[in-house]
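As structure tokens, the structure follows; a few thoughts come after it.
In this chain, residues are counted from 1 in sequence order. A quick note: this is a predicted structure, and the numbers were derived from the prediction, not measured.
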Amino acid sequence: VELEESGGGLVQPGGSLNLSCSASGLTLKLNTVAWFRQAPGKEREGISCISSSDDTNYRDSVQGRFTISRDKVKNTAYLQMNSLKPEDTAVYYCAADVSFCDQTLLNNRYPSGLRYWGKGALVTVSS
């Protein structure tokens, strides 16, 4: 199983980025997909997840600005990030497994229920 993030980069405050998480060896539509991030000097935090039944959850700090979605044909998940702030600067990771998608998952920095992780994509929000 491999997950690969793409779409990171440098963006100005207020800008947008769309992260992708492509999967091989795993059918994303049958799994919960989650996005985590880790900022320099900070703990990893869960920011969003989408369940196999397309229920979604978000961390409060990104609610209304970020949108998680999944393309079942392309076997790819996305994180559309709008109104980006400097504090959104971090390495963003996608993860997937058969798991609940809820606030408990997002509040767990190292969820044992998510076995598959990508290597991360750097997002830098700076002017």
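- F36 and V33 fall into different hydrophobic clusters, defined by Ile, Leu, Val, Met, Phe, Trp and Tyr side-chain heavy atoms under 4.5 Å apart, directly or through other members.
- Counting heavy atoms from C-beta on, the side chains of Q12 and L84 never come closer than 4.5 Å.
- Salt-bridge check for K72 with D54: passed, with a basic side-chain N closer than 4.0 Å to an acidic carboxylate O.
- Rounding to the nearest 0.5 angstrom, the gap separating the CZ atom in R37 from the OH atom in Y93 is 13.0 Å.
- Closest non-hydrogen pair, P13 versus S127, comes out as CD-N, 3.7 Å.
- In terms of heavy-atom proximity, L105 sits nearest to P111 at CD1-CB, 3.6 Å.
- Using a 4.5 Å cut-off on side-chain heavy atoms (C-beta onward), S6 and S22 make no contact.
- V62 and L79 end up in the same hydrophobic cluster when Ile, Leu, Val, Met, Phe, Trp and Tyr side chains are linked at under 4.5 Å.
- Relative to the ring axis of W35, R70 does not place its NZ or CZ within 45° and under 6.0 Å from the centre.
- Other residues, nucleotides and ligands place no more than 12 heavy atoms under 6.0 Å from the CD atom of E2.
- The two atoms that bring V73 and D71 nearest to each other are N-OD1, 2.9 Å, heavy atoms only.
- No side-chain heavy atom of E5 sits under 4.5 Å from any side-chain heavy atom of L19.
- Other members of a hydrophobic cluster containing Y78 are absent, since no ILVMFWY side chain comes under 4.5 Å of it, directly or through relayed contacts.
- No side-chain heavy atom of L17 sits under 4.5 Å from any side-chain heavy atom of N82.
- Under the 4.5 Å side-chain heavy-atom criterion for grouping Ile, Leu, Val, Met, Phe, Trp and Tyr, W117 is not connected to L3 through any hydrophobic cluster.
- Inter-residue side-chain proximity for L30 and L28 is flagged as unmet; no heavy-atom pair is nearer than 4.5 Å.
- A salt bridge links R59 with E45: the distance from a Lys NZ or Arg NE/NH1/NH2 to an Asp or Glu carboxylate oxygen falls below 4.0 Å.
- The closest side-chain heavy-atom distance from T32 to I50 is not below 4.5 Å.
- Exactly one of S48, C101, C21, C94 qualifies for a side chain to side chain contact (heavy atoms under 4.5 Å, CB included) with I68. That residue is S48.
- S53 and D55 share a side-chain donor-acceptor pair at under 3.5 Å.
- Contact record, S16 with S83: OG-N, 4.3 Å, taken as the closest heavy-atom pair.
- Sorted pairs that involve residues 7-25 and meet salt bridge (Lys or Arg N to Asp or Glu O under 4.0 Å), not counting sequence neighbours, are lacking altogether.
- Between the OG atom in S99 and the CG atom in L114 there is a gap of 5.0 Å [rounded to 0.5 Å].
- Between T89 and V123, the closest side-chain pair of non-hydrogen atoms is not below 4.5 Å.
- To the nearest 0.5 Å, atom CZ of residue R109 and atom NZ of residue K42 are 13.0 Å apart.
- The CD1 atom of I47 lies 13.0 Å from the CG atom of D60; values are rounded to the nearest 0.5 Å.
- The line from CG of N107 to CG of N57 is 10.0 Å long, rounded to the nearest 0.5 Å.
- The neighbour count for E4 CD, taken as heavy atoms of other residues, nucleotides or ligands under 6.0 Å away, does not exceed 12.
- Cluster annotation: M81 is not connected to V91 through the hydrophobic network of ILVMFWY side chains, with a link wherever side-chain heavy atoms come within less than 4.5 Å.
- Note that CG of L26 is 4.5 Å distant from CG of N31, once rounded to the nearest 0.5 Å.
- For residues 40-74, no pair satisfies ring pair (Phe, Tyr, Trp, His ring centres under 6.0 Å), with sequence neighbours left out.
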